[in-house]
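Fair warning: this is a prediction, and the values are worked out from it, not measured in the lab.
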Amino acid sequence: MTMKTAFCVRRLNPAIFLFLAVIALIFVLYHMDTLQFQHKVNSPIIMPRLSPHHIVNRSFCTFEPRSPQDALEERLILDSIAWPETPLLPSPVSLEQTTDPAHSTFTILPGRKGGQWHVGDQLEVMIQTFDFQGRPKKSGGDFLTARLHNRTLEAGVAGQVVDHLNGSYSAVFSLLWEGDAQIEVTLVHSSEAVSVLDRLNREQPDRIYFKSLFRSGSLSETTICNVCLRPTQQPVCNYTDLRTGEPWFCYKPKNLSCDTRINHFKGGFKQNLKVHEEKLFHSGVNMKVSIQATGPSTATVLSRKEGQLKVKTSSGTSVPSGYYYQGVWRALGGTSLFQFNRSTITQCLKGKVVHMYGDSTIRQWFEFLNAALPGLKEFDLHSPRQIGPFMSLDYENNILVTYRCHGPPIRFSLVPTRELCYIANEIDDLIGGPNTVVVVGIWSHISTFPIEIYIRRLQSIRRAVVQLLDRAPGTLVIIRTASVKALTLYETITNSDWYSLQRDKVLRAMFKGLKVHLIDAWEMTLAHHLPHNLHPQPPIIKNMINHILSYICPHKGG
């Protein structure tokens, strides 16, 4: 086995005098790889108050020009994930006309067999929303989730919610086990809250801000950094990545050059909600609150009829990716999942290199393997525990597992600038092959920015994945989707499940049709009975690892 550990070196960024003139910019872009351009590293630029025509502008976020093909794809994806129009909010905000889960209800619709359901059928419930004054809502846009579960059987499956745009919704469930099935419908956010979340990302993408320390000799200075910096006349250091085009900027220190930046860390958070808008994000009142049934909330599912199709889908609905039964995740759609123990995990990974890239939810998988495999020993790279990079080796079985966090925006603390590496660049540096596994997960840290930034990030990662699979077709690529989490006011306006859902949809669209495998963390966390958590609890992680290993070793289950 060939082992290649791709630890990045600092890639110096060009000084792009972006705003001298359109012609000058075009000339520079065509000569980015020349020696003369490389000598102008990280010189300060002045951010203009008005964006020039050659820069795409979303609020005060600026991006480099892209190919017509990428721009078209972005428009199509934005259209495909467009949220229903939400109502204008009164000022100041009042709860009276907003969605109230306590008044809202759901009703089980009769099955096609007169109230009987069998395994393989679908069950549908109708949801009607009401405001705090008990009046029926007339518009859609609420964010609802639904699941079917049986705690005794440790069974659960996510439902699909359909918005009828008139205050009513349907939730459709695939019936996959025999016995009782308890219906749970949850209002995550009212349509009015969604309006606020959408506005925040458009108007305040810098509400989470970052900082960098610059140091040279005895001089040091800290300045604010971000993907989106508000326009001022203060000089700006441009750290846009040369290979991916990913934007990153810092205000230039007064007495130091841009080349003296030594680290990156989360600076803080600015909560700039309008008067009383926090009322829309009240746990136990109108955020992640269950909606009650009118009538029964449980259905009894009979055994599958002879000759019955496995799952009958209603018009406009899709089959879930899997479900839990007896605490074990069972995939649908032809994927066979196996249960692995310590010895079979080792046998599965024997001779393999596993590279993991992403946020802390990917780091969880690295930590799980370290704890589960006695022969896998972490090599001390003297890296901070939150940040990495990490590398573990089982010398006897020729197993190498690495982890590296994705590049900015990343909300970790004190990341050395030399460790700020973009996933696409890391994948480009891999040799790949049948003994190489690449695991990617990126969503949570990019939630406060316009969705276009996430689309661009995934486009660069996808290009790298496609090139990797072209040069090394045997490489296995596994991608983690977004997942649900517990929500406080802070978590909501920075990392809401609504933001995660949008990114989940983008990721699925971006990698559809490619030879990659998805770990459907969204459904695996939504369908489970354990409380939602940014970092899913061990039983869910174990099921995720079994899912990954089943892709790596499709015939070696333990």
Side-chain angles (χ1 to χ4, degrees), residues 6 244 246 321-322 329 353-370 386-390 401-412 415 419-427 430 436-449 451 453-465 468 475-485 495 497 499-512 514 516-526 532-538 540-552:
T244 64
E246 296 292 346
S321 66
W329 181 255
V353 178
V354 182
H355 294 296
M356 298 185 175
Y357 306 109
D359 55 28
S360 57
T361 63
I362 295 296
R363 190 181 68 226
Q364 272 191 290
W365 294 352
F366 177 88
E367 292 166 346
F368 180 95
L369 291 177
N370 265 354
Q386 185 187 34
I387 299 166
F390 304 127
V401 183
T402 72
Y403 165 80
R404 175 173 289 286
C405 68
H406 66 71
I410 188 84
R411 300 176 196 167
F412 294 167
V415 184
E419 302 297 351
L420 292 173
C421 303
Y422 290 97
I423 293 175
N425 293 338
E426 296 299 299
I427 294 175
L430 295 178
T436 301
V437 180
V438 176
V439 179
V440 174
I442 177 170
W443 54 282
S444 178
H445 294 252
I446 310 185
S447 59
T448 56
F449 300 95
I451 195 69
I453 290 175
Y454 187 62
I455 291 173
R456 287 164 177 261
R457 180 67 60 93
L458 290 189
Q459 284 175 329
S460 68
I461 293 173
R462 184 184 59 190
R463 276 190 290 270
V465 167
L468 172 64
T475 309
L476 183 66
V477 179
I478 297 172
I479 300 175
R480 184 197 195 277
T481 74
S483 54
V484 294
K485 66 187 73 64
N495 216 17
D497 284 350
Y499 293 139
S500 300
L501 176 63
Q502 302 302 98
R503 280 139 191 81
D504 183 81
K505 291 178 178 179
V506 168
L507 184 143
R508 293 171 194 268
M510 191 70 66
F511 287 94
K512 185 176 182 180
L514 289 186
V516 300
H517 299 284
L518 293 185
I519 301 299
D520 197 335
W522 185 267
E523 288 194 14
M524 293 183 78
T525 51
L526 185 59
H532 297 170
N533 196 310
L534 173 63
H535 300 107
Q537 295 189 39
I540 300 176
I541 296 298
K542 185 177 189 301
N543 275 290
M544 290 178 173
I545 294 295
N546 283 332
H547 202 166
I548 294 169
L549 295 171
S550 296
Y551 286 137
I552 299 173

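When atom types are taken as modelled, the side chain of R503 and the backbone of I446 share a donor-acceptor pair closer than 3.5 angstrom. Proximity of a side-chain donor or acceptor of H445 to a complementary backbone N or O of P409 within less than 3.5 Å is not detected. Between the side chain of R363 and the backbone N or O of Q386, at least one donor-acceptor pair lies under 3.5 Å. Checking side-chain atoms of E426 against main-chain N and O of C421 turns up no donor-acceptor pair under 3.5 Å. Judged by distance alone, with hydrogens and angles left aside, the side-chain atoms of T481 form a donor-acceptor pair with the main-chain N or O of W522 at under 3.5 Å.
Annotation: cation-pi pair R456/F449 absent, no NZ/CZ under 6.0 Å from the ring centroid and within 45° of its normal.
Taken from CG in L501 to OG in S447, the straight-line distance is 13.0 Å, to the nearest 0.5 Å. Here CD1 of I461 is found 10.0 Å from CG of N425. Values are rounded to the nearest 0.5 Å. Between atom CD of residue E367 and atom OG of residue S360 there is a gap of 9.0 Å, rounded to the nearest 0.5 Å. I478 contributes atom CD1, which lies 8.5 Å from atom CE of M356 (distance to the nearest 0.5 angstrom). The structure places CD of Q364 at 9.5 Å from CG of D359, a figure rounded to the nearest 0.5 Å. Atom CD1 of I519 is separated from atom OG of S483 by 12.5 Å, given to the nearest 0.5 angstrom.
G441 and H406 make their closest contact through O-CD2, 4.4 Å (heavy atoms, listed as atom of the first residue, atom of the second, distance). Of all heavy-atom pairs between H547 and L518, the closest is CE1-O, 4.2 Å. Minimum interatomic distance between P536 and L534 (heavy atoms only, all atoms of both residues): CD-O, 3.3 Å. The two atoms that bring W329 and S321 nearest to each other are CZ2-OG, 3.7 Å, heavy atoms only. A482 and S500 make their closest contact through CB-O, 3.6 Å (heavy atoms, listed as atom of the first residue, atom of the second, distance). Taking both residues in full, the closest heavy atoms of S444 and N495 are given as OG-ND2, 2.8 Å, listed atom of the first, atom of the second, then distance.
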Point to revise | Working for side-chain contact (heavy atoms from CB on, under 4.5 Å), residues I451 and K505 | key: CA-CA 11 Å; I451 195 69; K505 291 178 178 179; over 6 Å; no
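With sequence neighbours left out, Q459 forms a side chain to side chain donor-acceptor pair (under 3.5 Å) with R66, E73. Taking R480 as the reference, nothing meets the salt bridge (charged side-chain N to carboxylate O under 4.0 Å, His left out) condition, with sequence neighbours excluded. Residues passing the salt bridge (charged side-chain N to carboxylate O under 4.0 Å, His left out) test with E523: none are found, sequence neighbours excluded. Partners of S550 by side chain to side chain contact (heavy atoms under 4.5 Å, CB included), not counting sequence neighbours, listed by chain and number: L337, F338, F340. Taking the salt bridge (charged side-chain N to carboxylate O under 4.0 Å, His left out) definition, one finds that K485 meets it with D497, sequence neighbours left out. Remark: D520 engages R508 in a salt bridge (charged side-chain N to carboxylate O under 4.0 Å, His left out) (not counting sequence neighbours).
Partner of V465 under the side chain to side chain contact (heavy atoms under 4.5 Å, CB included) criterion, chosen from V516, L458, V438, I423: V516.
Between I427 and Y357 the shortest side-chain heavy-atom distance falls below 4.5 Å. Side-chain contact check for L507 versus W443: every heavy-atom pair is 4.5 Å or farther apart. Inter-residue side-chain proximity for L468 and T436 is flagged as unmet; no heavy-atom pair is nearer than 4.5 Å. Using a 4.5 Å heavy-atom cutoff, the side chains of R404 and H355 are not in contact. Side-chain contact check for R457 versus Y422: some heavy-atom pair is nearer than 4.5 Å. Counting heavy atoms from C-beta outward, T361 and H535 have side chains that approach closer than 4.5 Å.
Using bins of under 30°, 30° to 60° and over 60° for the plane-to-plane angle, the ring pair F390/F366 lands in the parallel bin. Ring orientation note: the planes of H517 and Y551 are close to parallel, at an angle under 30° on the 30°/60° scale.
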